[in-house]
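Note sheet for the following structure.
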Amino acid sequence: MLVKSIRWRMQLWQAFLLVCILTGFGATAYKLHRSQRFGQIDEDLGRRVATLSEDVRSSFPLRPPPGPPPLEPEPGFDPGRRMEFGQGFGPPPRRPPEERGPRRPPENPFEPRDVQLSAESSSLFSSVEPDDFYYAIWSRSGVLLTRSTNAPPDLTLPDRADGDVRIRTRTRGVCREAYHFTELGECVLSGRSIRADLDAIQRLAGLLVLAGGAVLMLGLWGGWLLAGRALRPVEVIGAAASRISAGNLAERIDIAETDSELGRLARVLNSTFARLEASFATQQQFVADASHELRTPIAVLIAEAQATLVRPREAGEYRATLDTCLETAQRMRRLTEQLLQLARLDTGQEVFECHLCDLAETARTAVERVRPLASERGIAIECNLTRAEANADPERIGQVVVNLLSNAIRFNRQHGVIRVRSGAENGAAFLSVADTGIGIAEADFEHIFDRFYRGDSARTHASGGTGLGLAISRAIVAAHGGSIAVSSRAGEGSEFVVQLPTTNSP
Ligand code: ADP
């Protein structure tokens, strides 16, 4: 449940990021500080080792000449003794053990036995504190020649890498030591306890953890507040949406922050709600109009039947009643068919069979269908049809043309004219139906495509229309991706122009 909440998810992500950043930052700071500290210690130790090396060199001026190392003297070889004549071939006569004295390690004529520290070295190692700098010097054969009094008792001769004369460092327990093997193999070592330094580094680590923890807490607290503030509009939107879904369509979201993303979302939702309210109102109006339109013919049917059944009638009277009932029923059927078609068009369920067809051909067929009706009223239909190819369903477009033509007949004057044109213009096919009728009053102009709208003239002329013809025509043309436009002059006539794209399919 918690993990599903956006606020908690944001918080977890932020915590993860903060922990990563703080850990990285802390570890880097710790490492940098540590290496800086050790670098400084190593530098101090190195300086001391270099000074001691100089002392070793100056203490033993008798250095072997450059070249191959001297041969190690044989055991028992006495460099002070001269070789007497006759001697030298074969070992000297062995003396009895009591004359020979205690066994000593063989001596090297270049082997240093005592080191004189320079004034500089003495000052560098003046302190005898156990935690301060200490030193030790070993002879080539690994004999400890000298060491400072504060040097740790467990001091050991470092291992030597073959021929390596660089100053090297090592950490032994809590001691940091730098050592150096001279080119002849003496070893010079300087070291000091790093207990205090390790403590300081430890303290810094603790401090970094504490500071990191504090920053993490602060960051999480700030993030939690910020996320709460950022998500508050979502709650407002949710509350408004539930009020709207409860039936109050006039409800709108109160937009406090207009510039934020949620403010923009709220604006979009408000305009969606406004459109929903409008379309709901239209829908309600449509249902009311539809029931009203159906009620009238039903009332006619009932009234006719009741009036006829009041008393026995002649056959002719029954026929007249039946004729009225049939006409009314046909009107009802037309109305219900139109309503159903509108519903299908609204929901996109109307089926179109589109292909490339000639609007001129469609217009010709439609004209032939309405010609008898026009002739009845003495209205002439003039055609100027040129090829107009469009990707359309000829059946449905034919329905539109018939509707326009029947309006042009109904609202025309006696012996008027209807002009039908077709052609292609600006990459689109057009079809125009113009009449010389009563025209459309300015007040009606905006509404003639509304459902069930009938102009005053239509009512007074008792046109018998349902007020759905133009609404259906416009929906069909729109489904083809086209448009329908009207121009009219009251008392002079009207012209309806249908434009269809040549390639687009609905
Ligand atoms: P109706 O079934 O009433 O004809 P329509 O939707 O086809 O319904 O037309 C709506 C209204 O538009 C008509 O009642 C009429 O007032 C007006 N109208 C449509 N075509 C014409 C026209 N050619 N001349 C004048 N008015 C027209």
Side-chain angles (χ1 to χ4, degrees), residues 282 285-286 289-290 292-297 300 327-328 330-346 350 363 366-367 369-371 373-374 376-383 396-421 430-479 483-498:
T282 313
Q285 185 63 43
F286 179 69
D289 288 344
H292 177 77
E293 290 296 322
L294 283 170
R295 214 168 47 207
T296 312
V300 171
E327 197 184 308
T328 312
Q330 276 169 341
R331 181 178 156 73
M332 279 172 69
R333 188 175 66 183
R334 204 167 59 246
L335 187 65
T336 47
E337 276 171 2
Q338 283 184 324
L339 284 173
L340 280 172
Q341 188 177 18
L342 260 181
R344 283 200 304 273
L345 283 164
D346 281 349
E350 181 78 333
V367 166
R369 274 181 63 186
V370 298
R371 203 180 283 283
L373 192 66
E376 248 176 51
R377 298 197 55 197
I379 294 169
I381 302 180
E382 296 174 2
C383 291
R396 293 279 156 266
I397 296 299
Q399 185 186 346
V400 173
V401 184
V402 167
N403 183 43
L404 294 179
L405 283 170
S406 54
N407 278 353
I409 295 168
R410 276 191 292 140
F411 299 110
N412 217 323
R413 61 181 158 76
Q414 203 72 25
H415 304 294
V417 181
I418 296 172
R419 291 185 185 88
V420 186
R421 291 184 304 121
F430 76 88
L431 199 151
S432 147
V433 177
D435 63 62
T436 52
I438 54 170
I440 300 164
E442 210 163 308
D444 299 334
F445 205 77
E446 272 182 37
H447 305 288
I448 55 168
F449 288 98
D450 292 351
R451 292 164 188 199
F452 296 110
Y453 188 83
R454 276 166 294 176
D456 274 346
S457 53
R459 293 179 211 280
T460 48
H461 280 71
S463 67
T466 56
L468 290 175
L470 284 181
I472 291 174
S473 298
R474 187 165 71 171
I476 290 174
V477 172
S483 63
I484 182 164
V486 59
S487 58
S488 177
R489 291 192 110 158
E492 287 183 26
S494 317
E495 181 180 14
F496 287 82
V497 182
V498 174

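Note that these values count all heavy atoms, side chains included, but never hydrogens, waters or copies made by symmetry. The chain is numbered in sequence order, starting from 1. Every number for a ligand or one of its atoms is a count from 1 in the order of the listing.
A salt bridge (Lys or Arg N to Asp or Glu O under 4.0 Å) with Glu495 is found for one member of Arg421, Arg489, Arg419 and no other, namely Arg421.
Between Thr466 and ligand 1, a contact under 3.5 Å exists for at least one N or O pair. The shortest N/O to N/O separation between Ile438 and ligand 1 does not fall below 3.5 Å. On a distance-only criterion, Gly455 and ligand 1 share at least one N/O pair closer than 3.5 Å. By the 3.5 Å distance cut-off applied to N or O atoms, Phe496 is not counted among the residues near ligand 1.
Taking every heavy atom of both residues into account, Phe286 and Leu339 meet most closely at CZ-CD2, 3.1 Å.
Taking only non-hydrogen atoms, the option from Val486, Asn412, Asp444, Leu470 nearest to atom 6 (O) of ligand 1 is Leu470. In this structure, of Glu495, Arg454, Arg410, Arg451, the residue bringing a heavy atom nearest to atom 4 (O) of ligand 1 is Arg410. By heavy-atom distance, the residue among Tyr453, Phe445, Phe411 lying nearest atom 27 (C) of ligand 1 is Phe411.
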key: side chain to side chain contact (heavy atoms under 4.5 Å, CB included) between Gln341 and Ile476, worked out   = CA-CA 10 Å; Gln341 188 177 18; Ile476 290 174; 3.9 Å; yes
ask   = Does the pair Phe452 and Leu335 meet the rule for a side chain to side chain contact (heavy atoms under 4.5 Å, CB included), with working shown?
value = CA-CA 10 Å; Phe452 296 110; Leu335 187 65; 4.1 Å; yes
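A 6.0 Å sphere centred on CZ of Arg333 holds no more than 12 heavy atoms belonging to other residues, nucleotides or ligands.
Side-chain atoms of Ile418 and Val370, non-hydrogen and from C-beta on, never get closer than 4.5 Å to each other.
Contact annotation: for Asp435 versus ligand 1, heavy atoms closer than 4.0 Å belong to the side chain alone.
Ring geometry, Phe449 versus Phe496: the interplanar angle exceeds 60°, so the pair is classed perpendicular (tilted spans 30 to 60°).
Under a 4.0 Å criterion applied to the non-hydrogen atoms of Ser494, ligand 1 contributes the atoms 24 (N), 25 (C). Interface atoms of ligand 1 facing Ile440, defined by a heavy-atom separation under 4.0 Å, are 25 (C), 26 (N), 27 (C).
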